[in-house]
There are 2 protein chains.
Amino acid sequence: MARAGLTANRLVQAAAELADEVGFDKVTVSALARRFGVKDASLYSHVKNAQDLRERVAMLALEELADVAADALAGRAGKDALVAFANAYRAYAKLHPGRYAAAQLRLSPEAAAASAARRHSEMTRAILRGYGLREPDQTDAIRMLHSTFHGYVSLETAGGFAHTPRDAGISWQRTLDALDAVLRNWPVE
Amino acid sequence: MARAGLTANRLVQAAAELADEVGFDKVTVSALARRFGVKDASLYSHVKNAQDLRERVAMLALEELADVAADALAGRAGKDALVAFANAYRAYAKLHPGRYAAAQLRLSPEAAAASAARRHSEMTRAILRGYGLREPDQTDAIRMLHSTFHGYVSLETAGGFAHTPRDAGISWQRTLDALDAVLRNWPVE
DNA sequence: GTAAAGTTCCTAGAGGTATTAGGCAAATAA
DNA sequence: TTATTTGCCTAATACCTCTAGGAACTTTAC
């Protein structure tokens, strides 16, 4: 009886690939077992259950996303940083739709997710440094930026922009221009 | 053998309530049958299958969302309209989280979804009339608005803003201020 | 008013997914 | 080499989806 060499990490990696291929909602214990040529029950030595598996994929995606964003941000400031960060974010979502969907999962162990989530916030805060925003405006601006990025990418990949002929990449650029403008002149009510 | 009085509409309505109570992903044919005190198989005379059921809930949500948005928009213009529309959107998502999740479903029969989707675009376009935007800027702005609204609501309900003490309602208001500002002064590159 | 037709719901059953319990064999440690 | 741990298996339960075919109820048509 030859062993398949399963590992939690290997499973999560394969689950992430599966998610990108067939969609995150179709990442199932059975499908994953099939991919490794083992029985379903065998996976339960490595992951707690299906939910645990999905959460690990989510964590992987969050970390990867933070990595590419950090790379994009390195050595840039101001609008340059904003655009690079945003583009890295959008590119990752396009390249890894399943992982991106996973990253949107509501994680139960808040503590575990916090590390990746904090990295994202830190980076966004770094971008804002170039715009001279102070708290609490900074938090408001971070929330707006995250919302716009996530909303745009999410609607775009769901086909929400397909009805209109206008190229989605151009609207994205214009949206970034608009965000830059609003940050440079943040409304002080 | 007393009849339960099932109807496609009644099923969809109950499924929507179920979605708000336990989450859209837990809306299942079995659970719905249980709620009506009938056998699973009985539902298949009224809906094609589970996917069909979910899509009908999505359509219901899209229509309801368009209705409340239209009400909010009536008789308003400019920033007033923008804020009313956005608040109606956010309020609906908070009141009906399951339905809101359903509305995000990628609908297969594009034609069917188009009617509701068009209403949303029409309304957003109406808001922009107060800002004097022309095509193609209008399309870009619509996409930005939708993205920000959806992204914010989506992140908020997923608990993404819970780490920071800042009240999510205030950040929302400031985001709307920012959107108003950027629309009044749309960057012409 | 009754017979035909259509509709609603049921029973039965097949197939997929999630998960636990318990066992044997392979890898590792003593 | 023996002892222990680990990896994967079989078996079994439970839930969800969906199809086929049948019985009871409702509506239609004469």
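Chain letters run A, B, ... following the sequence lines, proteins first and then strands; every chain starts at 1. Predicted model, so just to flag it, every value in this text is computed and none were measured.
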key: Which residues share a side chain to side chain donor-acceptor pair (under 3.5 Å) with A:Asp52, sequence neighbours left out   = A:Arg56

inquiry  = Please determine whether a side-chain nitrogen or oxygen atom of B:Thr28 lies at a distance below 4.0 Å from atom OP1 or OP2 of D:dC15.
reply    = no

inquiry  = Output the rounded distance in Å from CG (A:Asn49) to P (D:dT13).
reply    = 22 Å

message = Short of 4.0 Å, heavy atom to strand atom, which residues of residues 15-26 of chain A count as contacting DNA chain D?
response = none

query = Excluding sequence neighbours, so at least two apart, what forms side chain to side chain donor-acceptor pair (under 3.5 Å) with A:Ser121?
reply = none

request  = To the nearest 0.5 angstrom, please state how far the CZ atom of A:Arg90 sits from the OH atom of A:Tyr152.
outcome  = 6.0 Å

note = Of C:dT19, D:dT17, C:dC9, the nucleotide closest to the side chain of A:Ala50 is C:dT19

query = How many Å lie between CZ on B:Arg10 and C1' on C:dT8, as a whole number?
reply = 13 Å

query = How would you label the contact of B:Arg54 with the nucleic acid (heavy atoms, under 4.0 Å): base, sugar-phosphate, or nothing?
reply = sugar-phosphate

message = Measuring only between side-chain heavy atoms, which start at C-beta, is B:Asp177 closer than 4.5 Å to B:Lys79?
response = yes

task = Take atom CG of A:Leu11 and atom P of C:dA18, then tell me their distance rounded to the nearest Å.
result = 13 Å

inquiry  = Distance check needed: D:dC15 P versus A:Gln51 CD, whole Å only.
reply    = 19 Å

query = For DNA chain C, which residues in residues 32-44 of chain B have a heavy atom at a distance below 4.0 Å?
reply = B:Val38, B:Lys39, B:Ala41, B:Ser42

query = B:Tyr89: what forms a ring-ring contact (aromatic ring centres under 6.0 Å, His included) with it, not counting sequence neighbours?
reply = B:Tyr100

request  = Ignoring backbone atoms, establish whether B:His46 has a side-chain N or O less than 4.0 Å from OP1 or OP2 of C:dC9.
outcome  = yes

ask   = When we call it a touch if two heavy atoms are under 4.0 Å apart, what does A:Ser45 touch: a base, just sugar-phosphate, or nothing?
value = base

Could you pull out every donor-acceptor pair under 3.5 Å between side chains of residues 5-12 of chain A and any protein atom, sequence neighbours left out?
from, atom 1, to, atom 2, distance (Å)
A:Arg10, NE, A:Gly5, O, 3.4

request  = From the options A:Asn185, A:Leu82, A:Thr175, A:Val83, select the one residue that forms a side-chain contact (heavy atoms from CB on, under 4.5 Å) with A:Asp180.
outcome  = A:Leu82

inquiry  = Measuring from atom CZ of B:Arg143 to atom CD1 of A:Ile170, what distance do you get when rounded to the nearest 0.5 angstrom?
reply    = 9.5 Å

inquiry  = Contact between B:Leu32 and B:Val27 at the side-chain level, heavy atoms closer than 4.5 Å - yes or no?
reply    = no

